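Numbers restart at 1 for each chain; the letters A, B, ... are given by sequence-line order, proteins then strands. Predicted model only: the values in this text are computed from it and were never measured. Computation of the quantities below employed the complete heavy-atom set of this structure, encompassing side-chain atoms and omitting hydrogens, waters and symmetry-equivalent molecules.
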There are 2 protein chains.
Amino acid sequence: MARAPLSPDAVVDLALRIVDEEGPDALTLSAVAGRAGVATPSLYKHVRNLAELRVLVTGRVLGELTEVASEAVLGRSGDEALRALMDGWRSYAARHPNRYSALIQAPRPETAEAGDRLIGIILAALRAYGLEGSAAIHAVRCLRAAMHGFAVLEAAGAFQLAEDLDESHALLAHMVVSGLQTLPRTARPGPAA
Amino acid sequence: MARAPLSPDAVVDLALRIVDEEGPDALTLSAVAGRAGVATPSLYKHVRNLAELRVLVTGRVLGELTEVASEAVLGRSGDEALRALMDGWRSYAARHPNRYSALIQAPRPETAEAGDRLIGIILAALRAYGLEGSAAIHAVRCLRAAMHGFAVLEAAGAFQLAEDLDESHALLAHMVVSGLQTLPRTARPGPAA
DNA sequence: GGCCGTCGGCTAATCCTATTAGCCTATGAG
DNA sequence: CTCATAGGCTAATAGGATTAGCCGACGGCC
């Protein structure tokens, strides 16, 4: 059974499988090598080192998240787009909790492009609110904080009580929407963009 | 120079210093031993293992955060309490970014009590909104998500643009407040608690 | 057809960290 | 004075990361 020839992408595939199945801490070069049916040092022919592998994984996950976010926002606008974005984000994280937890948050040049694309989508979701310049940036930050915070906590199993998470998340979305609909003085939308 | 005698607490102190100065990943038993001027295995006389040390660190940080949160909420209520809580939380995380990043999110029995106390404070900050039962829980979750998300991202340096972070955070607080002031049907406050 | 460079795997070796086992000493209780 | 204990130590084991250097298969080229 000729296993598929190794390549950086294939290594990342294996890494993702490990992360999904055993958690982010189980992502180890020797674990990847084990799955690849190869000796650990051989991986260095495809990936610079473990740190880079983690970055590549982050890039991949960021890409998937971007896709999800993009699909959510497509064809919608205003509150509807915002809620769809938030729901999509959360459901991606809930579907792949370990993968989501494996995301490296600290910005790195290698993932900057993927990150920017994702920010672009979030920005697009906010378009209908007509936010200008800085106001849009503040809004994007808040949206990121809300979505990321909820996703991390849910992925970590930090919400222990029985209350329905969908409802909690709906409230979060309500907060975001209602906050944007009643912007404070400094961040009021300017003339239609 | 009689170094202070080692003890579990002293070990955690050293661990925190390492985390603060070198980041969460630098928290290693041998690093702690180095600072303590002791051989690595000696630490096992005070701490079960690295995993436990991490849990102890989490407990300590949770305690500090609880103190900060508690002080913020004391003597305030309503929107003011909420904003003070959010500001305090954020400023703690900003003051000790590595420490904040070292927090283990996954709930563990050893930190459950500390976590519950913190949740209690958040709940107290929401008291004035008169939320009943589930509604209060959903609100706490949202608040946690917002505060934690912002704190994590800020600590990781994920907000790169020049825009003032205070302003972004104020918008986040505005979202939370305005969302609570206009609760959707399901989560409307009941008769005054 | 034969030669050569490169790709991608391998083994050996090094370093670090965690963790366990077992030893040893000072110290306070009795 | 004796002894148990606390708390430090050394030796040793087990992983995991990484580097160095070896080697065979394969495609391209003369």
Side-chain angles (χ1 to χ4, degrees), chain A residues 1-60 98-99 101-104 106 108 110-111, chain B residues 1-60 98-99 101-104 106 108 110-111:
Chain A
M1 317 108 301
R3 51 194 153 65
L6 235 36
S7 71
D9 267 1
V11 171
V12 174
D13 286 342
L14 291 171
L16 280 173
R17 231 174 289 168
I18 291 169
V19 167
D20 282 343
E21 294 169 20
E22 307 171 46
D25 291 347
L27 178 52
T28 205
L29 285 181
S30 70
V32 174
R35 297 221 179 191
V38 118
T40 308
S42 303
L43 294 178
Y44 289 81
K45 289 287 161 71
H46 305 284
V47 159
R48 194 183 321 291
N49 53 33
L50 178 58
E52 188 193 56
L53 177 54
R54 293 217 181 92
V55 169
L56 291 175
V57 165
T58 293
R60 188 77 139 270
N98 290 340
R99 213 174 269 221
S101 305
L103 270 178
I104 298 174
R108 309 184 129 270
E110 307 92 315
T111 59
Chain B
M1 346 222 6
R3 47 196 155 63
L6 235 37
S7 71
D9 267 2
V11 171
V12 174
D13 285 343
L14 291 171
L16 280 173
R17 230 174 288 166
I18 292 169
V19 167
D20 283 343
E21 295 169 21
E22 307 170 48
D25 291 347
L27 177 52
T28 207
L29 285 180
S30 72
V32 173
R35 296 222 180 188
V38 115
T40 308
S42 304
L43 295 178
Y44 287 82
K45 289 289 161 71
H46 306 284
V47 160
R48 195 184 320 291
N49 53 34
L50 178 59
E52 188 193 56
L53 177 55
R54 292 218 181 93
V55 169
L56 291 174
V57 165
T58 293
R60 188 76 140 269
N98 290 341
R99 213 173 269 221
S101 305
L103 269 180
I104 298 173
R108 308 185 131 269
E110 307 92 316
T111 59

> Hey, is the main chain of B:A31 close enough, under 3.5 Å, to the side chain of B:T28 for a donor-acceptor pair?
Replying inline: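 Not at all, since once roles are kept as given, no pair shorter than 3.5 Å links the two residues.
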>> In whole Å, I'd like the distance from the CG atom of B:L43 to the P atom of C:dT20.
In response: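 B:L43 atom CG is separated from C:dT20 atom P by 13 Å.
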> Whole Å only: how far is the CG atom of B:L53 from the C1' atom of C:dT19?
Replying inline: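 These atoms are roughly 14 Å apart.
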> In terms of side-chain geometry, is the basic nitrogen of B:E110 or B:R48 positioned less than 4.0 Å from the acidic oxygen of its partner?
Replying inline: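 Looking at B:R48 together with B:E110, the answer is no, because their closest N to O distance does not fall below 4.0 Å.
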Within this structure, what is the [atom1]-[atom2] distance for the pair [X] and [Y], rounded to the nearest 0.5 Å?
{"X": "B:L6", "Y": "B:H46", "atom1": "CG", "atom2": "NE2", "value": "4.0 Å"}
{"X": "B:L29", "Y": "B:N49", "atom1": "CG", "atom2": "CG", "value": "8.0 Å"}
{"X": "B:R54", "Y": "B:R108", "atom1": "CZ", "atom2": "CZ", "value": "10.0 Å"}
{"X": "A:T111", "Y": "A:L103", "atom1": "OG1", "atom2": "CG", "value": "9.0 Å"}
{"X": "B:T58", "Y": "B:R99", "atom1": "OG1", "atom2": "CZ", "value": "12.0 Å"}

> From the list C:dT20, D:dG7, C:dG9, which nucleotide is the closest neighbour of the side chain of B:K45?
Replying inline: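 The answer is D:dG7.
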>> The side chain of A:L6 is closest to which nucleotide in this list: C:dT20, C:dT11, C:dG9?
In response: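 Closest of the options to the side chain of A:L6: C:dG9.
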>> Please confirm whether the shortest side-chain N or O distance from A:S42 to OP1 or OP2 of C:dG8 is below 4.0 Å.
In response: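 So the side-chain polar atoms of A:S42 never come under 4.0 Å of the phosphate oxygens OP1 or OP2 of C:dG8.
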> So, is A:H46 close to the C:dC7 phosphate, meaning a side-chain N or O under 4.0 Å from OP1 or OP2?
Replying inline: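 Checking A:H46 against C:dC7: no side-chain N or O falls below 4.0 Å of OP1 or OP2.
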Could you go through nucleotides 16-18 of chain C and list every protein N or O atom that sits under 3.5 Å from one of its N or O atoms, giving the distance for each pair?
unit_1, atom_1, unit_2, atom_2, d
C:dT17, O5', B:S30, OG, 3.4
C:dT17, O3', B:T28, OG1, 2.8
C:dA18, OP1, B:T28, OG1, 3.1
C:dA18, OP1, B:L29, N, 2.8
C:dA18, OP2, B:L29, N, 3.1
C:dA18, OP2, B:S30, N, 3.0

> Passes side-chain contact (heavy atoms from CB on, under 4.5 Å), B:L56 versus B:D9? Steps please.
Replying inline: CA-CA 9 Å; B:L56 291 174; B:D9 267 2; over 6 Å; no
Taking only N/O atoms, report every protein-nucleotides 27-29 of chain C pair under 3.5 Å with atom names and distance.
none

